[in-house]
Asker: 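Quick one: the structure is below, and I'll ask about it shortly.
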Amino acid sequence: METIYNYVNGELIPPREGNYLQVFAPSSGQPYAKVPNSCYEDVNQAYESANNAFDNWSELTSDERGDYLIAIANELEKKIDFFSQLESRDTGKPITLAKTLDIPRSILNLKFFSESSKKFDFTIELTSKNSKNTIIRSPIGVVGCISPWNLPLYLFSWKIAPALITGNTVIAKPSEITPFTAFKFSELCQKVGLPPGVLNIVHGNGVQTGKAIVAHPKIKAISFTGGTNTGKKIAQKAIGTFKKLALEMGGKNPAIIFSDCNYDNMIHNVVKSSFMNQGQICLCTSRILVEMSIYEKFKSDFINRISKLKIGDPAKKTTEFGAITSLSQFKKVMSYIKRAKNEGGKVLTGGSSIKFSGFHKSGWYIAPTVIEDVKINSKINQEEIFGPVVTLIPFKNESEAIKIANDTKYGLSATVWSEDKVKSNRVSEGLEAGIVWENCWMVRDLRTPFGGLKSSGYGKEGGGRGISFFY
Ligand code: NAD
């Protein structure tokens with residue numbers, strides 16, 4: 001059993017009360033590590049260390065701060081294989097995905113914010129006829145960054161990089177379900193000599209450690225990514241403390257497929273958008289709206305493509321679809337499938353767990369699942385499942401597609417598939433979503449703002465918006 005430590009004041013230390021949680025490998029369903037379940041005192045100790053570090057850190061230039069982030073990114077780059085293995089073991093995602101998406105994007109996050117802060121105006125002079133005004137953007141102080149389990153190091157670095165580059169000091173809490181890469185990240189910080197207290201990583205679950213960060217009266221801002229219900233709880237707790245909040249939450253993302261799309265490009269990408277990371281990306285497609293005239297063709301081609309996905313051991317380079325990241329998520333996804341069946345849904349493929357033999361016999365695997373004939377207002381079409389389950393919905397025309405797509409409380413992302421640029425732009429503009437992709441998916445320019453509408457987001461991340469949140 002490996003032991004994870006908190007990273008406070010530059011040191012790796014155990015939690016004060018000695019409480020730990022188990023960390024599991026989803027591919028085998030077996031525990032392999034223990035992670036601190038830190039209490040309020042641990043958080044407060046991290047706060048003291050972050051507060052002591054604040055003056056010196058905030059007085060550095062952003063270039064000087066950026067040099068530390070780039071040094072960490074370079075160390076991470078040297079260890080990309082090692083970190084990819086850790087991320088795959090912790091999450092159950094295919095190692096190839098960890099190596100091509102998670103770890104490269106973590107490196108890029110650190111470099112991107114280091115670079116973009118150079119172009120950011122920290123001081124702005126405004127001169128008019130009879131006055132000269134100076135706007136000085138100062139860091140907030142000690143801030144909290146709380147991240148989820150689906151893209152562990154990717155989203156952890158996406159938060160801490162803009163927070164640090166702007167001169168704040170940070171208390172970060174990775175998900176207790178997938179804490180390992182953040183733990184190893186602390187060792188990189190030590191290696192490059194990041195000043196003690198600038199970044200503190202306090203591990204633990206949401207109800208204890210997460211709550212303690214949100215409740216701490218002197219932590220001045222919270223940048224959170226996770227479920228909508230958790231975001232709501234954080235907002236309710238934080239409101240009385242007047243903390244600044246950015247909440248990136250769940251989604252129920254539609255793909256709208258018109259008959260005039262580039263069919264091969266569309267189907268290749270819709271398989272990816274539905275099942276990459278076992279459907280556990282907030283931006284994954286979960287409702288597939290298909291124009292009536294190509295519905296039957298799409299259905300059979302889509303199922304055929306899914307049958308070719310290589311499902312199995314996440315550690316194998318050829319695997320395309322791995323395990324569900326936690327037992328509770330596994331149970332949640334299975335309960336939605338059961339519910340869809342009870343609601344009259346027709347399972348076209350999947351619909352059950354997968355059992356392997358040997359080392360993986362107790363792993364948490366669910367077959368990619370496609371369901372049709374469920375009502376638009378059913379739970380399966382309204383609630384976020386966050387797993388390898390999509391529904392198929394036929395539509396007659398553009399306005400019906402937009403109406404169905406917008407008919408949930410979420411508004412995170414959407415994709416539109418059509419070669420008619422005027423139509424696809426018009427549809428995109430009608431969609432209530434923070435980001436809409438036309439004829440592609442997950443293509444990100446980090447300079448663009450990122451964040452959902454409605455119950456999917458409160459505040460924006462990304463580019464200048466990510467940086468300006470931390471002032
Ligand atoms: P979660 O809300 O359960 O947990 C997210 C983080 O919050 C974890 O670190 C957790 O320990 C912590 N937490 C839980 N309860 C807390 C509380 N009361 N106070 C403070 N912290 C608390 O989410 P999850 O299950 O880890 O992640 C899946 C969810 O994240 C999905 O809904 C997914 O859509 C969403 N997500 C959103 C985005 C986005 O950018 N919009 C990106 C990735 C994931």
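All ligand and atom numbering here is 1-based and tracks the order in the structure. Remember, predicted model here, so these are calculated numbers, not experimental data.
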Asker: Would Lys244 pass as a cation-pi partner of Phe469, given that its NZ or CZ must be under 6.0 Å from the six-membered ring centre and within 45 degrees of the axis?
Answerer: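 Positive - Lys244 is close enough to the ring of Phe469 and near enough to its axis.
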Asker: For ligand 1, which atoms, with element, lie under 4.0 Å from some heavy atom of Thr225?
Answerer: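 Answer, ordered by atom number: 5 (C), 36 (N), 37 (C), 38 (C), 39 (C), 40 (O), 42 (C), 43 (C), 44 (C).
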Asker: Given Leu155, Ile281, Leu412, which one has a non-hydrogen atom that is nearest to atom 43 (C) of ligand 1?
Answerer: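 Nearest heavy atom to atom 43 (C) of ligand 1 lies in Leu155.
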Asker: Against ligand 1, does Gly452 come closer than 4.0 Å with any heavy atom?
Answerer: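 Per 4.0 Å heavy-atom rule, Gly452 does not contact ligand 1.
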Asker: Taking non-hydrogen atoms only, is Phe386 closer than 4.0 angstrom to ligand 1 via side chain, backbone, both or neither?
Answerer: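 The side chain, only.
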Asker: Does the protein come close to atom 4 (O) of ligand 1 - that is, does one of its heavy atoms sit below 4.0 Å from that atom?
Answerer: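 No, there is none.
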Asker: If the cut-off is 4.0 Å to any non-hydrogen atom of Gly227, which atoms of ligand 1 fall inside it?
Answerer: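 So the atoms of ligand 1 that pass are 1 (P), 2 (O), 23 (O), 29 (C), 30 (O), 32 (O).
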Asker: When only distance counts, is Ser147 in polar contact with ligand 1, meaning an N/O pair under 3.5 Å?
Answerer: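 There is such a contact, yes.
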Asker: Go through the steps for Arg89 and Glu2 under the test salt bridge (Lys or Arg N to Asp or Glu O under 4.0 Å), then give the verdict.
Answerer: CA-CA 13 Å; Arg89 178 177 66 169; Glu2 296 173 58; 2.9 Å; yes
Asker: For ligand 1, which atoms have a heavy atom of Glu176 less than 4.0 angstrom away?
Answerer: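 Checking each atom against Glu176, I get 10 (C), 11 (O).
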Asker: Below 6.0 angstrom between ring centroids: does that apply to Tyr68 and Trp57?
Answerer: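 Yes, ring centres under 6.0 Å apart.
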Asker: Is Ile146 touching ligand 1 with its side chain, its backbone, both, or neither, if touching means heavy atoms under 4.0 Å apart?
Answerer: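 Within the 4.0 Å criterion, Ile146 contacts ligand 1 through side-chain atoms alone.
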Asker: Give the atoms of ligand 1, by number and element, whose distance to some non-hydrogen atom of Trp149 is under 4.0 Å.
Answerer: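 The atoms of ligand 1 under 4.0 Å from a heavy atom of Trp149 are 24 (P), 25 (O), 26 (O), 27 (O).
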Asker: List every atom of ligand 1 that sits less than 4.0 Å from any heavy atom of Gly210, numbering the atoms from 1 in the order shown and giving each element.
Answerer: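 Atoms satisfying the 4.0 Å criterion: 19 (N), 20 (C), 21 (N).
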Asker: Keeping the roles fixed (side chain from Lys218, backbone from Val142), state whether a donor-acceptor pair exists under 3.5 Å.
Answerer: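 Checking the backbone N and O of Val142 against the side chain of Lys218, no donor-acceptor pair under 3.5 Å is found.
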Asker: Could you say whether the N/O atoms of Gly206 and ligand 1 ever approach to under 3.5 Å?
Answerer: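 Min N/O separation from ligand 1 is below 3.5 Å for Gly206.
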Asker: Please work out whether any backbone atom (N, CA, C, O) or any side-chain heavy atom from C-beta onward of Ile234 is under 4.0 Å from ligand 1, and answer side chain, backbone, both or neither.
Answerer: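 The part of Ile234 near ligand 1 is the side chain, not the backbone.
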Asker: With atoms numbered from 1 as shown, which atoms in ligand 1 lie under 4.0 angstrom from a non-hydrogen atom of Ser175?
Answerer: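 Taking each heavy atom of Ser175 in turn, ligand 1 has 9 (O) under 4.0 Å.
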Asker: Check for a donor-acceptor pair, side chain of Glu343 on one end and backbone N or O of Ser378 on the other, with a separation under 3.5 Å.
Answerer: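 Flag not set: sc Glu343 to bb Ser378 has no pair under 3.5 Å.
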Asker: Pick one of side chain, backbone, both or neither for how Glu461 approaches ligand 1, counting any non-hydrogen atom pair under 4.0 Å.
Answerer: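 No part of Glu461 comes within reach of ligand 1.
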Asker: Can a donor-acceptor pair be found, under 3.5 Å and without considering hydrogens, that links the side chain of Asp102 to the backbone of Ser84?
Answerer: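 Between the backbone of Ser84 and the side chain of Asp102 there is no qualifying donor-acceptor contact (under 3.5 Å).
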Asker: Out of Cys282, Ser286, Gly226, whose heavy atom sits nearest atom 35 (C) of ligand 1?
Answerer: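 When every heavy atom of Cys282, Ser286, Gly226 is considered, Gly226 comes closest to atom 35 (C) of ligand 1.
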Asker: Nearest to atom 1 (P) of ligand 1 by heavy atom, Ile222, Thr230, Asn150: which?
Answerer: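 The nearest heavy atom belongs to Thr230.
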Asker: With no hydrogens and no angle check, is any side-chain donor or acceptor of Thr209 less than 3.5 Å from a backbone partner on Gly206?
Answerer: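 Here the side-chain-to-backbone pair does not exist.
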Asker: Which of the numbered atoms in ligand 1 are below 4.0 angstrom from a heavy atom of Phe450?
Answerer: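 So the answer, numbered in order with elements, is 40 (O).
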Asker: Taking heavy atoms and a distance under 4.0 Å, where does Glu384 meet ligand 1: side chain, backbone, both or neither?
Answerer: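 Within the 4.0 Å criterion, Glu384 contacts ligand 1 through side-chain atoms alone.
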